[in-house]
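Because only heavy atoms are used, hydrogens play no part in the values below, and waters and symmetry mates are left out as well, while side chains stay in.
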Amino acid sequence: MLDERKLKILNAIINSYIISAEPIGSRTISKKYDLGVSSATIRNEMSDLEELGYLNKPYTSAGRVPSDKAYRLYVDTLMKQIRQKSLLNDKNTRKKIKKHLLKEAREVEQLIQNAARILSEITNYTALAVAPQFKQSTLKHIQLISIDDDKILVIIVSNSGIVKNTILKVENRIPENQLILISNFLNKKLKGLTLEEIESKIDVEVSKEIYQFKNIIQNIIPIISQSLEDMEDVELYADGVTNILNFPEYSDVAKVKTFLGFMEDKDSVANMLLKNTFDDFEISIGNENICEEIKDCSLITATYKLNGQTIGKIGVIGPTRMDYFTVISSVKLLSINLNDIIDSFFMK
């Protein structure tokens with residue numbers, strides 16, 4: 001355990017490096033921070049911190065930079081103030097965020113996309129969101145609307161609020177009253193059923209009650225099935241991917257290519273997020289990340305839930321020299337708002 005003086009010096013170095021991205025020397029700390037000790041004492045303490053693994057010394061500089069170990073200590077012990085002073089306690093900010101989240105969000109997918117965009121705008125880093133992975137999605141509502149003589153719009157809504165729209169081609173125009181009849185039949189028979197239940201039930205029900213529309217219904221069932229299957233797939237949204245170019249750590253072309261190449265592989269990014277545990281809030285720093293391509297990054301994520309069950313994640317990825325205070329506050333804030341909106345709106 002570091003003594004109080006070493007903690008203060010380390011904290012000062014980390015704060016300076018987050019702002020400047022330049023290796024920090026003892027004279028800089030002595031001038032910028034009133035620590036009550038001489039530059040020589042700070043230099044000696046920095047040497048001790050380096051030996052303990054909290055600081056690294058770049059080959060081309062006399063200054064020091066924080067290590068992953070230093071950032072971990074910083075996050076775990078020096079960020080406790082976030083509970084008292086952060087965006088989480090600003091009611092106006094929370095209302096404003098909630099309003100932007102709901103803008104044009106008529107389904108869960110759009111809500112999650114909005115969350116990623118807002119999070120990227122607030123933090124100026126890359127925001128990630130894993131869209132809901134609803135196990136055993138059920139049908140909430142289906143509606144058939146004629147849009148042309150040979151086309152029908154099939155609108156499918158799941159129990160989770162996800163909406164899927166598909167256009168079905170038909171040989172002959174179907175009158176609106178018949179489409180209403182078919183819609184009512186499908187809603188009556190299939191509402192609340194899972195994909196497996198729908199596929200096992202529909203043939204029997206069609207032959208018994210509404211045989212005259214058997215052909216059209218048999219064409220609609222695969223659409224319902226595919227829609228429910230899609231709702232159980234994992235979808236990844238990323239916003240502000242090129243923000244990484246704004247940081248001097250990524251002035252190296254090779255590093256940029258590695259990061260952008262990784263971000264383009266959405267399956268790998270989604271798997272990375274899902275392989276991490278589903279704790280409500282997680283911070284992975286540098287070498288703690290499971291993917292080699294982002295060993296120079298920090299990843300901060302929070303879960304969001306439906307009826308108390310975790311259905312996805314939202315977070316931020318950026319250089320280890322990130323503004324942890326702002327990012328942690330923002331990710332938590334977006335997570336809280338997502339949980340509130342999903343529970344209060346989409347489960348009505």
Asks: Can you confirm whether I97 sits close enough to L333 that some side-chain heavy atom of one is under 4.5 Å from a side-chain heavy atom of the other?
Replies: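 Answer yes - side chains close enough.
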
Asks: Report the distance from atom CD1 of I13 to atom CD1 of I29, rounding to the nearest 0.5 Å.
Replies: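 Spacing of CD1 (I13) from CD1 (I29) equals 5.0 Å.
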
Asks: Around K255, counting heavy atoms of other residues, nucleotides and ligands shown, do more than 12 lie under 6.0 Å from its NZ?
Replies: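 Yes, enclosed.
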
Asks: Counting C-beta onward and ignoring hydrogens, is there a side-chain heavy-atom pair between V170 and K151 closer than 4.5 Å?
Replies: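 When only atoms from C-beta onward are counted, K151 and V170 do not touch, as no gap falls below 4.5 Å.
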
Asks: Just by distance, do the side chain of D68 and the backbone of N287 share a donor-acceptor pair under 3.5 Å?
Replies: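 Yes, the answer is positive, given that a donor and an acceptor are paired below the 3.5 Å cut-off.
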
Asks: Roughly how far, to the nearest 0.5 Å, is the CG atom of L334 from the CG atom of L101?
Replies: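 It comes to 5.5 Å.
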
Asks: Any Lys/Arg nitrogen of R173 or D148 sitting under 4.0 Å from an Asp/Glu carboxylate oxygen of the other?
Replies: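 Salt bridge flag = no for D148 with R173.
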
Asks: Which pair of heavy atoms, one from M322 and one from S298, lies closest together, and at what distance?
Replies: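 The pair with the smallest heavy-atom distance is CE-O, 3.5 Å.
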
Asks: Are K313 and E282 close enough, and set up right, to give a salt bridge (charged side-chain N to carboxylate O under 4.0 Å, His left out), and what steps lead you there?
Replies: CA-CA 10 Å; K313 277 189 172 183; E282 295 175 298; 2.6 Å; yes

Asks: Quick check: does any side chain N or O of T303 sit under 3.5 Å from a backbone N or O of G312, one acting as donor and the other as acceptor?
Replies: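 No, the answer is negative, given that no donor and acceptor are paired below the 3.5 Å cut-off.
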
Asks: To the closest 0.5 Å, what do you measure between CG (L179) and OG (S146)?
Replies: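 Output value for this atom pair is 6.0 Å.
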
Asks: Is there a donor-acceptor pair under 3.5 Å between the side chain of D252 and the backbone N or O of A254?
Replies: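 Yes; at least one donor-acceptor contact below 3.5 Å.
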
Asks: Is the closest side-chain heavy-atom distance between Y304 and N337 below 4.5 Å?
Replies: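 No; the side chains remain at least 4.5 Å from each other.
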
Asks: How about CG on N177, more than 12 heavy atoms from neighbouring residues, nucleotides or ligands closer than 6.0 Å, or not?
Replies: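 Result for CG/N177: enclosed.
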
Asks: Would you say the side-chain atoms of S26 pair up with the backbone N or O of I42, donor to acceptor, closer than 3.5 Å?
Replies: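 Checked: no pair found.
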
Asks: Looking at every heavy atom in both E50 and K57, which two are closest together, and how far apart are they?
Replies: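 Between these two residues, the closest heavy atoms are OE2-CB, 3.6 Å.
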
Asks: Between M272 and I294, does the side-chain contact (heavy atoms from CB on, under 4.5 Å) criterion hold? Intermediate values first, please.
Replies: CA-CA 11 Å; M272 171 192 69; I294 57 168; 3.2 Å; yes

Asks: With no hydrogens and no angle check, is any side-chain donor or acceptor of N56 less than 3.5 Å from a backbone partner on R64?
Replies: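 Pair absent, no side-chain N/O of N56 close to backbone of R64.
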
Asks: As an exercise, state the distance from NZ of K6 to CG of L73, rounded to the nearest 0.5 Å.
Replies: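 It is 13.0 Å, given to the nearest 0.5 Å.
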
Asks: Hey, are the side chains of L128 and Y237 touching, using non-hydrogen atoms and a 4.5 Å cut-off?
Replies: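 No, side chains not in contact.
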
Asks: What do the steps show when you test T126 against M263 for side-chain contact (heavy atoms from CB on, under 4.5 Å), and what is the final call?
Replies: CA-CA 10 Å; T126 300; M263 292 302 301; 4.0 Å; yes

Asks: With a 4.5 Å cut-off on side-chain heavy-atom distances among I, L, V, M, F, W and Y, is there a chain of contacts connecting L245 to I317?
Replies: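 They do share one cluster, since a chain of ILVMFWY contacts under 4.5 Å joins L245 to I317.
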
Asks: Is it the case that the side chain of T123 and the backbone of L119 share a donor-acceptor pair, with hydrogens and angles ignored and the cut-off at 3.5 Å?
Replies: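 Yes: the side chain of T123 pairs with the backbone of L119.
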
Asks: Got a sec, which residues hit ring pair (Phe, Tyr, Trp, His ring centres under 6.0 Å) with Y71, two or more places apart in sequence or on another chain?
Replies: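 With neighbours one apart ignored, the set is Y324.
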
Asks: Can T301 and I314 be said to form a side-chain contact (heavy atoms from CB on, under 4.5 Å), step by step?
Replies: CA-CA 6 Å; T301 61; I314 185 165; over 6 Å; no

Asks: Tell me the closest heavy-atom pair linking A302 and S335, and the distance in Å.
Replies: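 Scanning both residues completely, I find the closest heavy atoms to be CB-CB, 3.7 Å.
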
Asks: Roughly how far, to the nearest 0.5 Å, is CG of L186 from NE2 of H141?
Replies: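 These two atoms lie 10.5 Å from each other.
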
Asks: Are side-chain N/O atoms of N124 and N243 paired as donor and acceptor at under 3.5 Å?
Replies: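 No - no donor-acceptor pair under 3.5 Å links their side chains.
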
Asks: Could you tell me the separation between the CZ atom of R321 and the OG atom of S16, rounded to the nearest 0.5 Å?
Replies: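 Between R321 CZ and S16 OG, I get 12.0 Å after rounding to 0.5 Å.
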
Asks: Regarding N15 and Y74, is there a side-chain donor-to-acceptor distance under 3.5 Å anywhere?
Replies: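 On atom types as modelled, these side chains qualify, holding a pair under 3.5 Å.
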
Asks: Does the N339 side chain pair with the main chain of K305, one donor and one acceptor, at a distance under 3.5 Å?
Replies: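 Looks like yes, one N/O pair under 3.5 Å.
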
Asks: Is there a continuous path of hydrophobic side-chain contacts, each under 4.5 Å between heavy atoms, that joins L273 to I290?
Replies: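 Same cluster.
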
Asks: Do D76 and R72 meet the salt-bridge criterion of a basic N to acidic O distance under 4.0 Å?
Replies: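 Looking at D76 together with R72, the answer is yes, because their closest N to O distance falls below 4.0 Å.
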
Asks: Just so I know, are the side chains of L111 and I341 near enough to count as touching, which here means a heavy-atom distance under 4.5 Å?
Replies: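 Of all side-chain heavy-atom pairs linking I341 with L111, at least one is under 4.5 Å.
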
Asks: Give a yes or no on whether the backbone of I118 and the side-chain of E121 come within a donor-acceptor separation of less than 3.5 Å.
Replies: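 Pair absent, no side-chain N/O of E121 close to backbone of I118.
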
Asks: Would you check, one step at a time, whether the test side-chain contact (heavy atoms from CB on, under 4.5 Å) holds for T166 with I156?
Replies: CA-CA 8 Å; T166 304; I156 297 167; 5.7 Å; no

Asks: Could you report the tightest heavy-atom contact between K8 and L35, atom names first, then the distance?
Replies: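 Reported closest heavy-atom pair: CB-CD2, 4.2 Å.
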
Asks: Can we say E45 and R5 salt-bridge, meaning some charged N sits less than 4.0 Å from an Asp/Glu carboxylate O?
Replies: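 Salt bridge flag = yes for R5 with E45.
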
Asks: To check you understand the geometry: which heavy-atom pair defines the closest contact between A70 and I14, and what is its length?
Replies: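 Taking A70 first and I14 second, the nearest heavy atoms are O-CD1, 3.6 Å.
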
Asks: Give a yes or no answer on whether the side chain of K69 reaches the backbone of L52 with a donor-acceptor pair at less than 3.5 Å.
Replies: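 Looks like yes, one N/O pair under 3.5 Å.
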
Asks: How about I300 and I328: do any of their side-chain heavy atoms sit closer than 4.5 Å?
Replies: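 SC-SC contact between I300 and I328 confirmed.
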
Asks: Tell me yes or no: between the side chains of T41 and S38, is some donor less than 3.5 Å from an acceptor?
Replies: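 Their side chains do contain a donor-acceptor pair, which is all the 3.5 Å distance test asks for.
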
Asks: Can any side-chain N or O of S251 pair as donor or acceptor with the backbone N or O of F247 at less than 3.5 Å?
Replies: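 Here the side-chain-to-backbone pair does not exist.
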
Asks: Quick one: are L153 and L168 in side-chain contact, heavy atoms under 4.5 Å?
Replies: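 Side-chain contact under 4.5 Å: no.
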
Asks: For S183 and L144, which heavy atoms make the closest approach, and how far apart are they?
Replies: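 Shortest heavy-atom separation between S183 and L144 comes out as OG-N, 3.0 Å.
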
Asks: Is the positively charged end of K332 above the ring of F281, judged by distance under 6.0 angstrom from the centroid and angle within 45° of the axis?
Replies: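 Geometry flag: set, cation within 6.0 Å and 45°.
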
Asks: Do P319 and I244 come close enough that some side-chain heavy atom pair is under 4.5 Å?
Replies: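 Counting from C-beta outward, P319 and I244 do come under 4.5 Å.
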
